[in-house]
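Here is the structure we will look at.
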Amino acid sequence: MPSSKSERPLYSLVIPIFNEEAVLPVLLRRLDALLAKLDGPAEVIIVDDGSRDTGSIVAAARARDDSRYRYLALSRNFGHQIAITAGMDAARGQAVVIMDADLQDPPEVVLDLVAKWREGYEIVYARRLSREGETWFKLWTARLFYRALRFMTAVDIPENVGDFRLVDRKAVDAFRAMPERDRFVRGMFGWMGFRQTAVTFHRAPRLAGQTAYGWSKMVRLAFDGIVSFSDAPLRLALWLGSIVSLGALLFGAWVVWESLHQGQFVAGWASTVVLLSLLSGVNLLMTGIVGLYVGRIHAEVKNRPLYVVGRSVGFDEDVAAASDHAAAPSGPRRAVPALRLAP
Ligand code: UDP
Ligand code: MG
C-alpha cells in the first residue's frame with residue numbers, strides 16, 4: 001500500500017547503511033515483503049552513513065522510484081549511532097523501528113515488535129537468543145562489557161540486545177530531547193523508562209559483506225557506553241585515595257612508633273616513606289574530589305531532561321509539557337534542528 005510522501009506513515013523503519021552493496025538487493029526484497037504485511041502505511045528511511053560503494057546508488061534509486069522509501073545520505077561516515085539518530089530525526093511514523101541492514105536483524109521480526117506495540121508497550125527491543133557466525137571472542141567481550149556496565153550504572157541496559165527495536169513516538173520525542181553528543185543509543189532508551197518489553201529472535205550471521213565494527217569502533221562504543229552512563233571510573237580515584245591515605249596514616253604511625261622505640265631503621269628512611277605514602281594518598285584523594293565535580297559538570301553538559309513524562313491525566317495538553325526540565329511526549333524541549341529532506 002504505497003503512501004504518498006505527504007501522508008504521515010504509521011511506521012518508520014530506520015536502516016543505516018555503510019558499504020552494504022552486497023546485501024542491499026536482498027534487503028530491499030525482504031523489506032517489500034514486510035511492508036506488504038504491515039497493518040498500516042510505512043516508510044523506510046535508509047540512512048547512508050558515507051558509503052563508498054554502489055549501495056548509495058541502489059538505495060537512492062529505490063527512494064526515487066518508490067514513495068515508501070526515503071534516502072538520506074550523510075556527508076561522510078559519522079558512525080552507526082549518529083546514523084541512527086539522523087534517521088530518528090527524519091522519521092515521521094507513530095512507531096519507529098531501528099534495524100541493521102545486513103539482515104542479522106530479520107525484517108520479519110518487525111511483525112512481532114509491532115504486535116507488542118499494539119499491546120501498549122512503548123519500547124519493544126529484540127533480544128537475540130543466539131548469535132550465529134560470531135566469534136567466541138566477540139560474544140565473550142560483549143558479555144563482559146554488559147556485566148561491567150550493569151554493575152557501574154543505575155540505568156537498566158538489557159543484555160543481548162543491540163539497537164534493533166521498535167520505539168513509540170513518545171520515546172522518539174524523548175530521545176530527540178537528549179542533545180548529548182556521545183550517543184550510546186541503547187543506553188539512552190534504557191535511561192528513559194516507559195513500558196519496555198522484549199521479543200526474542202535468532203540472530204543470523206551477516207548475509208554478505210563485512211562488519212564495519214572493527215576493533216577500534218567496538219572499543220569506542222564500549223567506552224561511550226560506560227562514560228556516558230556512569231561516573232564510577234571518576235569515583236575510583238576517591239576510593240583508592242581514601243584507602244591509600246588511611247593505609248599511609250596507619251603505616252606512618254607504626255613507623256614512628258618503631259623508630260622511637262627500637263630505632264632499627266636506616267636514618268631518613270622512616271620520614272621518606274611516610275611522606276611518600278601520605279602524599280600519594282592525598283594526591284589521589286584530591287584527584288577523586290576533582291572527579292566528583294567533573295562528574296557533575298559532565299552530567300550538566302549532557303543537558304538531558306531531568307525526567308520524561310510517560311502519561312498525564314487531567315492536565316491541559318501543554319501544562320504537562322510546560323516544565324523546562326521535562327521531555328514531554330508532546331514535544332522535545334530542545335529538539336535537534338529538524339532535518340530538511342530534499343525531495
Ligand atoms: N553502520 C553504519 N555506520 C558505520 C558502521 C556500521 O551505518 O560506521 C551500519 C551497517 O551498515 C549496519 C549496522 O550499522 O547496517 C550494523 O553494522 P555491522 O553489521 O557492521 O555491525 P555488527 O552487526 O557486526 O555489530
Ligand atoms: Mg551486523
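Remember, it's 1-based here, ligands and their atoms both numbered in the order they're listed.
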Quiz item: Quick one: does K217 get a heavy atom under 4.0 Å from ligand 1?
Solution: yes
Quiz item: Going by atom types only, do D39 and Y11 share a side-chain donor-acceptor pair under 3.5 Å?
Solution: yes
Practice problem: Can you figure out which of I15, N19, D49 has its heavy atom closest to atom 3 (N) of ligand 1? | Solution: D49
Exercise. Measure the distance from atom 25 (O) of ligand 1 to every protein heavy atom, then report the residue, atom name and distance (to 0.1 Å) of the closest one.
Key: K138 NZ, 3.3 Å
Exercise. Would you verify whether the NZ or CZ of R304 falls within 45 degrees of the ring axis of F229 while also being under 6.0 Å from that six-membered ring's centre?
Key: yes
Exercise. Identify, for atom 21 (O) of ligand 1, the protein heavy atom at the shortest distance, and state residue, atom and that distance.
Key: Y213 CD1, 3.2 Å
Exercise. Among all protein heavy atoms, pick out the one at the shortest distance from atom 18 (P) of ligand 1; state its residue, atom name and that distance to 0.1 Å.
Key: R206 NH2, 3.5 Å
Quiz item: Should you measure from each heavy atom of G79, which atoms of ligand 1 turn up under 4.0 Å away?
Solution: 3 (N), 8 (O)
Quiz item: Backbone, side chain, both or neither: what part of D100 comes under 4.0 angstrom of ligand 1, heavy atoms only?
Solution: both
Quiz item: Heavy-atom distance under 4.5 Å between the side chains of D168 and I123, does that happen here?
Solution: no
Quiz item: Is E20 touching ligand 1 with its side chain, its backbone, both, or neither, if touching means heavy atoms under 4.0 Å apart?
Solution: side chain
Quiz item: If you measure only the distance, is there a donor-acceptor pair under 3.5 Å linking the side chains of D48 and S51?
Solution: yes
Quiz prompt | Distance filter under 2.8 Å, centred on the Mg ion (ligand 2) - protein N, O or S atoms that pass it | solution = D102 OD2, Q104 OE1
Practice problem: Mind checking whether V47 contacts ligand 1 via backbone (N, CA, C, O), side chain (CB onward), both or neither, at a 4.0 Å heavy-atom cut-off? | Solution: neither
Quiz item: Among protein heavy atoms, which sits nearest to atom 14 (O) of ligand 1, and what does the distance come to when rounded to 0.1 Å?
Solution: H80 CD2, 3.1 Å
Quiz item: Does the salt bridge (Lys or Arg N to Asp or Glu O under 4.0 Å) test come out yes or no for R68 and D66, once each step is laid out?
Solution: CA-CA 5 Å; R68 298 168 306 175; D66 187 331; 2.7 Å; yes
Exercise. Considering non-hydrogen atoms only, spot the tightest contact between P107 and L34 and give its length.
Key: O-CD1, 3.5 Å
Exercise. For atom 22 (P) of ligand 1, find the nearest protein heavy atom and state the residue, atom name and distance (0.1 Å precision).
Key: T211 OG1, 3.7 Å
Practice problem: Measure from NZ or CZ of R62 to the centre of the six-membered ring of Y69 and say whether it is under 6.0 Å with the direction within 45° of the ring axis. | Solution: yes
Self-check item: Cationic tip of R76 above F78 ring, under 6.0 Å, 45° of axis
Solution: yes
Quiz item: Transitive ILVMFWY cluster of F223 at side-chain heavy atoms under 4.5 Å: who else is in it?
Solution: W136, F137, W140, L144, W215, V219
Quiz item: If you measure only the distance, is there a donor-acceptor pair under 3.5 Å linking the side chains of N160 and Y125?
Solution: no
Quiz item: Within a strict 4.5 Å, meaning less than it, do heavy atoms of the N19 and R52 side chains meet?
Solution: yes
Quiz item: Do A83 and ligand 1 have an N or O pair less than 3.5 Å apart?
Solution: no
Practice problem: Start with the C-alpha gap between F164 and F201, add the side-chain angles, then the distance that decides, and say whether ring pair (Phe, Tyr, Trp, His ring centres under 6.0 Å) holds. | Solution: CA-CA 11 Å; F164 186 21; F201 73 106; 5.5 Å; yes
Quiz item: Closest non-hydrogen protein atom to atom 6 (C) of ligand 1, residue and atom name please, with distance?
Solution: A212 CB, 3.8 Å
Quiz item: Under 3.5 Å, is there a donor-acceptor pair between the D224 and Q81 side chains?
Solution: no
Self-check item: Modelled atom types, side-chain donor and acceptor of R183 and T85, under 3.5 Å
Solution: yes
Practice problem: Check ligand 1 against N77 and write out every atom of the ligand that is under 4.0 Å from a heavy-atom position of the residue. | Solution: 3 (N), 4 (C), 8 (O)
Self-check item: For D102, the ligand 1 atoms whose distance to one of its heavy atoms is below 4.0 Å
Solution: 19 (O), 23 (O)
Quiz item: Starting from atom 23 (O) of ligand 1, which protein heavy atom do you reach first, and at what distance in Å?
Solution: Q104 OE1, 2.7 Å
Quiz item: Tell me: protein heavy atom nearest atom 9 (C) of ligand 1, and distance?
Solution: P16 O, 3.9 Å
